[in-house]
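Shown next, in structure tokens, is the structure this report addresses.
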Amino acid sequence: MDVLAFYGLLVLTTLPPLVPNSALLVSAGVLASRGEAFLPLILLVVAASALLGDLLMYLVARRFGEPVRRWMRRNPRRRALLEWTSQRIQRYGVPFVIAVRFLPSGRIAGALASGVLRYPVRKYMLGAGIAEVSWATYSVGLGYLGSAAAGRPLYAAGIGLGVSCAVAAVGTAIQWAARRRALREAPKGGGEGESGGTCKGDGEGTCKGDGAGRGDRASSVVAV
């Protein structure tokens with residue numbers, strides 16, 4: 001494959017979300033370990049294109065917050081994911097912006113929630129930048145180290161994909177457990193339906209309530 005076409009393919013499969021590219025990134029690491037590609041350039045291209053995609057999603061959600069909320073509201077799973085992510089971005093900030101990247105659908109949820117909340121762009125870029133550099137190093141490194149250890153490209157690809165699937169499974173389990181815990185704790189705090197409070201969809205990600213809902217941290221999320 002032509003070198004420029006190879007790097008172009010990395011960009012095209014990394015910039016947009018939901019494009020399966022684990023096999024390609026592992027293969028890129030294998031090629032780098034064999035001296036057929038330049039590892040630092042691969043890491044730069046992958047991390048930069050992923051960060052650019054994150055920034056575009058963030059800016060769209062920040063600019064068109066209400067349409068994004070309506071779109072998320074149409075699907076119960078999307079709505080729950082946005083609420084769950086918004087709560088934790090408000091509570092933990094940059095560390096969660098980094099961590100959510102490694103959860104299923106976390107790249108999209110983190111960018112959209114940060115944009116709708118109007119989370120400071122500098123903080124978002126810091127968290128997303130660290131996350132994408134870590135993700136690129138991890139994804140490409142699986143192929144690079146696997147090839148060095150196994151000595152065979154096919155074995156290296158198998159190792160890399162196997163580890164990626166295992167990490168994805170762990171992330172899914174963590175996310176599921178966190179949501180279940182949130183659902184169990186919600187009635188104790190009064191919940192949205194009991195508080196009688198109102199949420200303002202002004203892009204600032206704040207909710208005001210009266211009565212029991214006033215002390216419920218779970219209510220202080222963007223109105224979705």
Side-chain angles (χ1 to χ4, degrees), residues 11-22 49-129 131-132 135 168 171-172 174-183 186 189 191-209 213 216-224:
V11 173
L12 291 177
T13 58
T14 304
L15 190 149
L18 300 180
V19 176
N21 63 350
S22 296
S49 56
L51 181 58
L52 178 58
D54 293 350
L55 180 60
L56 291 176
M57 288 190 289
Y58 167 87
L59 292 176
V60 168
R62 185 183 177 96
R63 175 63 178 83
F64 304 102
E66 186 56 36
V68 170
R69 280 190 290 268
R70 287 199 299 267
W71 176 73
M72 298 294 284
R73 211 168 22 226
R74 293 173 188 169
N75 183 288
R77 183 180 180 279
R78 289 200 300 257
R79 175 173 180 169
L81 182 60
L82 182 64
E83 289 179 345
W84 183 83
T85 305
S86 299
Q87 291 172 5
R88 281 150 184 79
I89 289 176
Q90 288 180 310
R91 182 177 300 178
Y92 302 112
V94 171
F96 187 77
V97 173
I98 298 171
V100 74
R101 174 63 177 86
F102 297 90
L103 297 178
S105 302
R107 182 185 180 192
I108 298 176
L112 295 184
S114 297
V116 169
L117 289 171
R118 291 186 173 272
Y119 190 70
V121 63
R122 291 184 179 179
K123 290 185 177 181
Y124 175 74
M125 287 294 292
L126 173 62
E132 295 302 1
W135 172 78
T172 301
I174 292 173
Q175 198 173 40
W176 179 84
R179 287 183 188 173
R180 293 284 295 178
R181 180 180 178 183
L183 288 174
E192 286 186 17
E194 298 176 7
S195 66
T198 58
C199 294
K200 296 183 178 180
D202 56 0
E204 298 298 326
T206 57
C207 293
K208 295 182 179 180
D216 186 5
R217 288 185 62 89
S219 297
S220 59
V221 298
V222 62
V224 296

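Keep in mind that this is a model prediction, so the values were computed, not measured. The chain is numbered in sequence order, starting from 1.
- Proximity of Leu82 to Trp71: side-chain heavy atoms (C-beta onward) are nowhere separated by under 4.5 Å.
- Taking the six-membered ring where tryptophan is involved, the planes of Tyr124 and Tyr58 are essentially parallel, since the angle between them stays under 30° and well short of 60°.
- The closest donor-acceptor contact from the side chain of Arg88 to the backbone of Trp84 lies under 3.5 Å.
- Between Ala131 and Ile98, the shortest heavy-atom contact is CB-O, 3.7 Å.
- Atom CZ of residue Arg74 and atom CZ of residue Arg69 lie 13.5 Å apart, to the nearest 0.5 angstrom.
- Residues Tyr119 and Val94 come closest through the heavy atom pair OH-N, 3.2 Å.
- Put simply, the side chain of Val97 does not reach to within 4.5 Å of the side chain of Lys123, judged on heavy atoms.
- To the nearest 0.5 Å, atoms CD (Glu132) and CG (Leu55) are separated by 11.0 Å.
- Remark: the backbone N or O of Ala50 is paired with a side-chain donor or acceptor of Arg107 at under 3.5 angstrom.
- Residues forming a side chain to side chain contact (heavy atoms under 4.5 Å, CB included) with Ile108 (at least two apart in sequence, or on another chain): Pro17, Leu18, Met57, Leu112.
- Here the closest non-hydrogen pair linking Gly110 and Ile89 is O-CD1, 3.9 Å.
- The shortest distance between side-chain heavy atoms of Ser86 and Val116 does not fall below 4.5 Å.
- One distance of note links CZ of Arg70 with CZ of Arg79; it measures 14.0 Å at 0.5 Å rounding.
- Panel note: side chain Asp54, backbone Ala128; no donor-acceptor pair is recorded below 3.5 Å.
- Contact detail for Glu66 and Arg73: the closest heavy-atom pair is OE2-NH2, 3.9 Å.
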